[in-house]
There are 2 protein chains.
Amino acid sequence: MFKKVLISDDLDSINHGVQLVTESLGISEVTQVQYCDDAYLKIKKGIMDEAPYELLITDLSFKSDHRAQTYTSGEALIKILSREHPELRIIVYSIEDRPLKVRYFFENYKIDAFVCKSRKGMNELKDAIRQVYNGKLYLSPQIQNSLNKQSHLEIEEYDVELLRQLAAGKSQDEISHEFKQQAISPSSLSSIEKRLNKLRIQFKSNNAIQLVAVAKDLGII
Amino acid sequence: MFKKVLISDDLDSINHGVQLVTESLGISEVTQVQYCDDAYLKIKKGIMDEAPYELLITDLSFKSDHRAQTYTSGEALIKILSREHPELRIIVYSIEDRPLKVRYFFENYKIDAFVCKSRKGMNELKDAIRQVYNGKLYLSPQIQNSLNKQSHLEIEEYDVELLRQLAAGKSQDEISHEFKQQAISPSSLSSIEKRLNKLRIQFKSNNAIQLVAVAKDLGII
DNA sequence: GATTTCCTTACGGTTAACCGCAACGGTAGA
DNA sequence: TCTACCGTTGCGGTTAACCGTAAGGAAATC
């Protein structure tokens, strides 16, 4: 089993719950932090001391407070760590359960497990730690279909940007000008209309208002 | 100190964290549940057995799953309990920290404390239990200004319904008919236009699309 | 090299949203 | 009682969104 594990979650209640899980697995050295920056520093220090952490269990969302932070989210932390220390195993433990988001993390950052905080989250986390220790990936049962569905795959970065601009209150005409200026293609008003029409059909929406609402529900924007 | 306490939170990690707090206060009989319906039944049973729970510590948001529930949220649970058993002390332990929401619970349900899940949530919860035991109210420091009513900007139920209908893809004309049918006043297209205009100004939105996006971000819908 | 296909763009017509103005009715205060 | 005020409703004009169609161009296919 892992010997040295780092737990990173801003909520103290959760941190204690996770610590309970690691202890039940007989992991000797477990450290808790409540800020992503602290997690980063602990991991760096572990490597310098030649006693590196083998596993990071981290939340995604961290409330900001008076302490200024370099890494303000679990994603930022995972991003830098997965690049600088690809040998570090990472388990995401989050309330997030939208398939698109889950897949995003596996595809972009090579995480080892994604466990959804839930009624059975602690048991799932225990399973996840075991699986990851054996070199396997782990996904909470409720999101196990997240990795192979291509239904959401059709959304491009362009569409996301379009939806973001809409949600920001821009008119289609303004977006057209914006895209022309940024040399984003296609940029004509007509193309933007057509693309939005496609998205409306895809997401079964009556109009742009509902479209943005649905996109927000799905975590696309 | 309290002798019999009920903890209600769907996340097992949190439940364990809260249990740790109650144990540290020397509370002998602590029960955990993960569904609001279970909380309601336990409390009813306690009264029937003439060994009632003195304190309920509950979350607000509960994920729904395969189990059909009568009470699907902490609010529904608190609503019924505060009416049927006003002698029961209630502490809300939630990630919610928006002043309007916090004040809403104090004004409508006579809760005894509102503790925000946070980095220091467990300590605050401990303080809250002590204060409530001494017959006082408790508020997490970060929301202590929530109770003074400064905000005339309060959103009415009517506005929320309007925004929901918009987000569901209804046109203003359709909403007008809908409201007429349900005898919701005002229902004229003109009034709906005017109300939406007011909301747009209030939330600094350019159009209905951005308005719905902002409302979703704020958790209004 | 010609044809097909896909994408971008343009344009006109229809519908819905947005905006200001004014009329109506209920209410509270003079 | 009169009047000022406020919220609701109706209406006309302007703007933006929506929708179908078609022209133009690039890449792909044959």
Side-chain angles (χ1 to χ4, degrees), chain A residues 150-217 220-221, chain B residues 149 151-217 220-221:
Chain A
Q150 54 264 43
S151 61
H152 296 285
L153 198 70
E154 297 151 20
I155 305 294
E156 306 170 23
E157 185 52 41
Y158 179 88
D159 297 311
V160 175
E161 183 57 27
L162 199 50
L163 292 170
R164 284 216 188 92
Q165 298 274 349
L166 266 188
K170 301 268 182 68
S171 72
Q172 296 180 13
D173 197 44
E174 286 172 330
I175 296 174
S176 171
H177 285 103
E178 181 89 17
F179 280 8
K180 277 184 173 59
Q181 203 158 9
Q182 296 183 24
I184 296 174
S185 173
S187 63
S188 74
L189 178 59
S190 183
S191 288
I192 287 171
E193 284 178 355
K194 179 171 276 191
R195 191 67 76 113
L196 284 176
N197 189 37
K198 195 200 73 181
L199 289 171
R200 274 204 308 278
I201 294 169
Q202 188 169 344
F203 291 110
K204 306 188 206 319
S205 300
N206 294 332
N207 51 41
I209 300 173
Q210 188 179 12
L211 178 60
V212 167
V214 169
K216 277 199 164 287
D217 286 339
I220 295 171
I221 55 176
Chain B
K149 54 176 86 179
S151 56
H152 261 284
L153 306 168
E154 190 139 3
I155 303 296
E156 303 172 24
E157 185 53 40
Y158 179 88
D159 297 311
V160 176
E161 184 57 26
L162 199 50
L163 292 170
R164 283 214 190 93
Q165 297 274 350
L166 267 188
K170 300 269 182 68
S171 72
Q172 297 180 12
D173 197 42
E174 286 171 331
I175 297 174
S176 171
H177 285 103
E178 181 89 18
F179 280 7
K180 277 184 173 59
Q181 202 159 9
Q182 297 183 23
I184 297 175
S185 174
S187 63
S188 74
L189 178 59
S190 184
S191 288
I192 287 171
E193 285 178 356
K194 179 175 274 192
R195 192 66 77 110
L196 283 177
N197 188 38
K198 195 200 74 181
L199 289 171
R200 274 203 309 277
I201 293 169
Q202 189 170 338
F203 291 110
K204 305 188 207 317
S205 299
N206 293 334
N207 52 41
I209 300 174
Q210 188 179 10
L211 177 60
V212 167
V214 170
K216 278 200 162 283
D217 285 339
I220 295 171
I221 55 175

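Keep in mind the model is a prediction, meaning the values are calculated, not measured. Each chain gets a letter, A, B and so on, in the order the sequences are listed, and its residues count up from 1.
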[N] [atom2] sits how many Å from [X] [atom1], rounded?
X	N	atom1	atom2	result
Lys198(B)	dC19(C)	NZ	P	16 Å
Leu211(B)	dA17(C)	CG	P	13 Å
Gln172(A)	dC18(C)	CD	C1'	15 Å
Asp173(A)	dA17(D)	CG	P	8 Å
Glu174(A)	dT15(D)	CD	P	14 Å
Asn206(B)	dT15(D)	CG	C1'	14 Å
His177(A)	dA16(D)	NE2	P	11 Å
Ile175(A)	dC18(D)	CD1	P	11 Å

Ordered by number, residues from residues 162-171 of chain B within less than 4.0 Å of DNA chain D (heavy atoms) are none
| Which residues pass the side-chain hydrogen bond (donor to acceptor under 3.5 Å, both in side chains) test with Ser191(B), sequence neighbours left out? |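 Ser191(B) satisfies side-chain hydrogen bond (donor to acceptor under 3.5 Å, both in side chains) with Ser188(B) once adjacent residues are dropped.
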Point to revise | Asp217(A): salt bridge (charged side-chain N to carboxylate O under 4.0 Å, His left out) partners, not counting sequence neighbours | key: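 Once residues adjacent in sequence are excluded, the partners of Asp217(A) under the salt bridge (charged side-chain N to carboxylate O under 4.0 Å, His left out) criterion are Lys216(B).
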Considering just the side-chain nitrogens and oxygens of [X], establish if one lies under 4.0 Å of OP1 or OP2 belonging to [N].
X	N	answer
Asn197(A)	dC18(D)	no
Asn207(B)	dC18(C)	no
Arg200(B)	dA17(C)	no

Given Arg195(B) and Lys198(B), is the side-chain contact (heavy atoms from CB on, under 4.5 Å) satisfied, shown in steps?
CA-CA 5 Å; Arg195(B) 192 66 77 110; Lys198(B) 195 200 74 181; 3.8 Å; yes
**Prompt:** What is the distance from atom CG of Leu196(A) to atom CG of Asp159(A), rounded to the nearest 0.5 Å?
**Reply:**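 Interatomic distance, Leu196(A) CG to Asp159(A) CG, rounded to 0.5 Å: 8.5 Å.
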Interatomic distance, CD1@Ile209(A) vs CG@Asn207(B), rounded to 0.5 Å, equals 8.0 Å
Below 3.5 Å, can you tabulate the donor-acceptor pairs from side chains in residues 162-170 of chain B to any protein atom, sequence neighbours excluded?
unit_1	atom_1	unit_2	atom_2	d
Gln165(B)	OE1	Lys170(B)	NZ	2.8
Gln165(B)	NE2	Glu161(B)	OE2	2.9

Mind checking what makes side chain to side chain contact (heavy atoms under 4.5 Å, CB included) contact with Gln181(A), not counting sequence neighbours?
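So Gln181(A) forms no side chain to side chain contact (heavy atoms under 4.5 Å, CB included) with any residue.
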Exercise. Please report the C-alpha distance between Glu157(B) and Val160(B) in whole Å, then the side-chain angles of each, then the deciding distance to 0.1 Å, and finally whether the side-chain contact (heavy atoms from CB on, under 4.5 Å) criterion is met.
Key: CA-CA 5 Å; Glu157(B) 185 53 40; Val160(B) 176; 4.3 Å; yes
Which protein N or O atoms sit under 3.5 Å from an N or O of nucleotides 8-11 of chain C?
unit_1	atom_1	unit_2	atom_2	d
dT9(C)	OP2	Ser187(A)	N	3.1
dT9(C)	OP2	Ser188(A)	N	3.1
dT9(C)	OP2	Ser188(A)	OG	3.3
dT9(C)	OP2	Ser191(A)	OG	3.3
dA10(C)	N7	Ser190(A)	OG	2.9
dA10(C)	N6	Ser190(A)	OG	3.1

| said: How close do Phe179(A) and Ser187(A) get, counting heavy atoms only, and between which atoms? | reply: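 Heavy-atom minimum between the residues: CB-CB, 3.7 Å.
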